[in-house]
Amino acid sequence: MIARVIVDVTTNQTDRLFDYLIPAPFQAAIVPGVRVVVPFGPRKVQGFVIEVAKTSTIDAGKLKPVEQLVDIEPPLTRELLLLSEKVKESTLSFHNTALKVMLPAAMRAKYKKEAMIHPETAYELVAKEIKRYFTSAEAVLDWDELLKKAGDAEKRLLLKALKEKTILVLPKVGTQGKKKKQTLVHTVRSPEELAQLKAALPANAVKQQDVLQHFIDRPEPVPVAELLEAVRGSRSTVKALADKGILCLEEAEVWRDPYEGRHYERQASLPLMEEQRQALEPILQAIDGEYHRTFLLRGVTGSGKTEVYLQAIERTLAKGKEAIVLVPEISLTPQMVTRFKERFGSDVAVLHSALSMGEKYDEWRRIREKQVRVAVGARSAIFAPFENLGMIIIDEEHETSYKQEDAPRYHARDIAIERGEYYQCPVVLGSATPSLESFARARKGVYELLTMEKRVNDVQLPDVTITDMREELRNGNRSMFSAALIAAIKQRLQRQEQIVLFLNRRGYSTFVLCRDCGYVAECPHCDISLTYHRTTHSLQCHYCGYTETPPTRCPSCEGESIRFFGFGTQKVEEELKKILPDIQIIRMDVDTTRTKGAHEKLLDQFGRGEGDILLGTQMIAKGLDFPNITLVGVLAADAMLHLQDFRAAERTFQLLTQVSGRAGRHEKAGEVIIQTYSPDHYSIQDVKSHDYLSFFQKEMLLRKQAGYPPYFYVTLIHVSDTDLPKTIEVTKKITNYLRSKLSPATKIYGPAASAIPRIKDRYRYQCMIKYKVEPYLTKILHEVVQTYQGEMSRSDLSIVIDTNPYMML
DNA sequence: AGCACGCCGACT
DNA sequence: GTCGGCGTGCTC
């Protein structure tokens with residue numbers, strides 16, 4: 001039998017199946033989806049068995065046998081194997097990369113070289129210098145570490161000279177982190193042979209006969225513990241048979257958790273509002289009818305989307321099926337997790353980045369072993385290895401964190417729909433501010449739109465006030481806080497209510513802004529604000545390559561208040577303390593939440609009322625639900641608006657709506673103050689009026705004009721190299737090639753320098769494709785990669801293709 | 001990716 | 001004449 005394997009070598013040339021012989025002992029255990037260790041050239045690598053075949057087209061003489069079995073049972077299901085091929089295709093990634101992304105990091109292979117004194121060398125004769133490292137004849141050291149420890153080059157050369165002579169170096173394939181290992185017992189002998197051997201055993205070797213009988217009945221490998229239980233034997237029995245060469249023992253990784261006891265306390269679901277009921281009904285129908293359907297649930301902040309999810313999951317579980325819930329990493333707060341645990345008890349596995357590698361692995365195992373039926377997690381949880389999936393929910397579906405920004409560059413939404421189709425189960429995309437792509441699809445009837453416009457218990461949406469920071473400046477207020485915001489803060493302090501201050505600052509790029517009139521430097525060709533580059537003292541557009549020198553006076557109003565905009569939370573804290581010295585501020589940003597559990601601790605503190613103000617970035621925008629928050633202040637609503645990204649307005653609207661939603665979620669009325677230099681911008685005005693539809697329509701119009709999603713698909717080709725002319729040359733060639741191959745209706749832009757034209761001494765250029773219909777695009781892009789594969793492996797050239805970019809850098 | 005093979009310059 | 005530089009090509 002032949003195992004067809006994808007090896008763990010991430011290159012173009014090795015991105016295909018390699019055939020290996022399956023040794024008799026592994027015959028039963030090697031099935032598609034298991035990992036194996038195989039010899040590959042002069043070394044050993046891990047690989048995924050994709051298929052098992054009877055014959056191979058490769059010369060029998062060239063075939064090598066599988067060396068080691070890594071899993072007892074396949075960690076990847078048939079469905080996931082199938083899916084990996086689609087991921088590989090659609091994201092233009094390597095098959096190996098697509099497979100690895102589906103497994104927890106702890107299962108990734110780790111390669112090392114073990115060094116020991118060569119068994120044919122007498123230890124006594126080994127030089128003293130070497131004995132310093134190898135303290136005994138049996139000592140096993142890590143070869144690379146040994147070389148590092150050796151210090152100077154001379155000693156290293158000595159060690160290398162002794163390699164394969166006095167010192168034996170063996171390649172070893174292990175896995176990340178420590179894992180439970182299990183000894184597997186198997187046999188090479190056929191049942192007939194075993195019967196003969198059994199008969200030949202002495203009459204008093206009862207246990208040994210029992211063991212052989214076990215293998216005659218069931219020849220597949222069995223964990224030693226299971227075998228001993230089955231035959232009520234002891235370890236010595238197996239050992240005796242192993243010594244006789246009848247049985248073999250093999251160490252393999254297990255992810256079977258012995259704690260089988262599953263008990264989940266069902267907690268009563270909450271009563272639904274009419275709107276919630278109406279939204280839930282079609283979802284339940286799809287669950288009951290067992291058909292695939294993608295629902296877009298648009299519900300304003302506080303409208304009780306989570307309760308709809310929970311009840312849909314309840315129905316799914318009642319049908320004996322499983323559910324995946326995706327939540328943006330940032331809102332995977334303890335509050336959220338508790339909500340699921342309370343409803344589904346021990347039936348929930350949680351996968352998020354705050355868990356250690358081992359903890360994630362354990363949670364993943366609980367899914368694979370069917371000890372849980374609900375998986376809640378961030379992006380990668382979309383690959384939860386369920387086999388009877390009945391429901392997929394993506395909360396805050398507009399979140400950009402659902403797009404993976406390195407290979408394989410998949411979007412969780414696409415994977416969800418793919419899996420939903422496979423299992424014929426509903427997919428629910430939920431958001432207060434759906435992505436334009438999703439809402440447009442819902443309007444076209446591709447998705448089914450469900451709407452909830454009211455907050456639970458008829459709590460009112462907060463009042464939103466927009467303060468014009470240009471006005472503040474004209475009135476002589478040069479601080480970063482508007483008079484209105486300071487007044488509102490003082491009022492809350494008096495009433496002992498809490499405040500959230502949100503500083504929206506993303507990325508490192510600053511934009512150029514006129515503090516008198518709000519003018520922002522934009523690219524004349526792209527309607528996108530320019531990024532100020534300090535190194536060249538220039539303003540650049542990375543879509544089309546346009547560059548200009550920053551104006552010293554405002555081109556619009558001739559004023560001289562041109563500023564490079566951007567400030568941090570620390571600065572805000574300082575400034576605020578100058579104005580209100582007694583104020584208690586809890587600051588949440590990357591600096592204060594770096595340590596494990598800090599995030600939770602700070603939120604707890606705030607929840608207990610130990611701070612008046614929660615000041616933070618991105619991370620406080622979502623999932624906060626504290627009854628005492630009655631004021632939300634947004635310090636710089638523009639910060640995101642002028643990012644050089646066609647989704648800038650969309651993200652601004654989404655984020656501001658999201659932040660606003662933190663205020664007045666319970667009895668006390670909420671107020672939101674948004675400070676901006678662009679008070680008339682539709683994305684800010686529509687936040688004030690809580691009008692998603694209005695925003696959607698305006699933004700759609702602009703997208704249509706500019707040829708962006710959802711009207712056009714975008715693909716971005718990133719080219720980088722240490723050599724600038726070469727980078728430009730290659731990008732140009734690719735661009736020209738695409739122009740010759742793609743339809744005239746498709747727009748191709750480039751070559752253009754990236755927003756950050758050089759990172760780590762690599763020059764970066766890109767080419768952008770905007771298209772409506774290009775059935776052969778994937779094929780053509782494959783050709784492009786193929787053309788340059790040789791050059792990429794032997795030089796610094798790198799070409800990365802993103803078929804659905806969210807980060808335009 | 002690694003690692004060996006192999007074909008040209010600076011040394012014993 | 002040999003050691004070793006890293007360009008080229010293969011890995012079932």
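In the text below, chain A, chain B and the rest are named by the order of the sequence lines, each starting its count at 1. Keep in mind the model is a prediction, meaning the values are calculated, not measured.
- Residues that satisfy the side chain to side chain contact (heavy atoms under 4.5 Å, CB included) test with A:Val800, not counting sequence neighbours, are A:Arg409, A:His718, A:Ser798.
- Take A:Leu724 and apply the side chain to side chain contact (heavy atoms under 4.5 Å, CB included) test, not counting sequence neighbours, and it matches A:Ile728, A:Tyr763, A:Tyr765.
- Taking the side chain to side chain contact (heavy atoms under 4.5 Å, CB included) definition, one finds that A:Ala375 meets it with A:Ile367, A:Ala384, A:Phe386, sequence neighbours left out.
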Which atom pairs, donor and acceptor, lie under 3.5 Å between side-chain atoms of residues 48-58 of chain A and protein residues at least two apart or in another chain?
unit_1, atom_1, unit_2, atom_2, d
A:Glu51, OE2, A:Arg4, NH1, 3.4
A:Ser56, OG, A:Asp19, OD2, 2.6
A:Ser56, OG, A:Ile58, N, 3.0

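- With sequence neighbours left out, the side-chain hydrogen bond (donor to acceptor under 3.5 Å, both in side chains) criterion links A:Lys726 to A:Asp721, A:Ser795.
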Item to check | Per-nucleotide protein contact string for nucleotides 7-12 of chain C (B base, S sugar-phosphate only, - none; heavy atom under 4.0 Å) | outcome: -S-BBB
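- Here A:Asp142 pairs with A:Lys112, A:Asp144, A:Glu145 under the side chain to side chain contact (heavy atoms under 4.5 Å, CB included) rule; sequence neighbours left out.
- Residues satisfying the ring-ring contact (aromatic ring centres under 6.0 Å, His included) criterion with A:Tyr788, sequence neighbours excluded, are absent altogether.
- Residues A:Asn12 and A:Phe94 meet the side-chain proximity criterion, which asks for heavy atoms closer than 4.5 Å.
- Where DNA chain B meets chain A (any atom under 4.0 Å from a heavy atom), the bounding nucleotides read 5' to 3' are B:dA1 to B:dC3.
- Backbone-only engagement by A:Lys113 is indicated by non-hydrogen atom pairs under 4.0 Å involving sugar-phosphate atoms exclusively.
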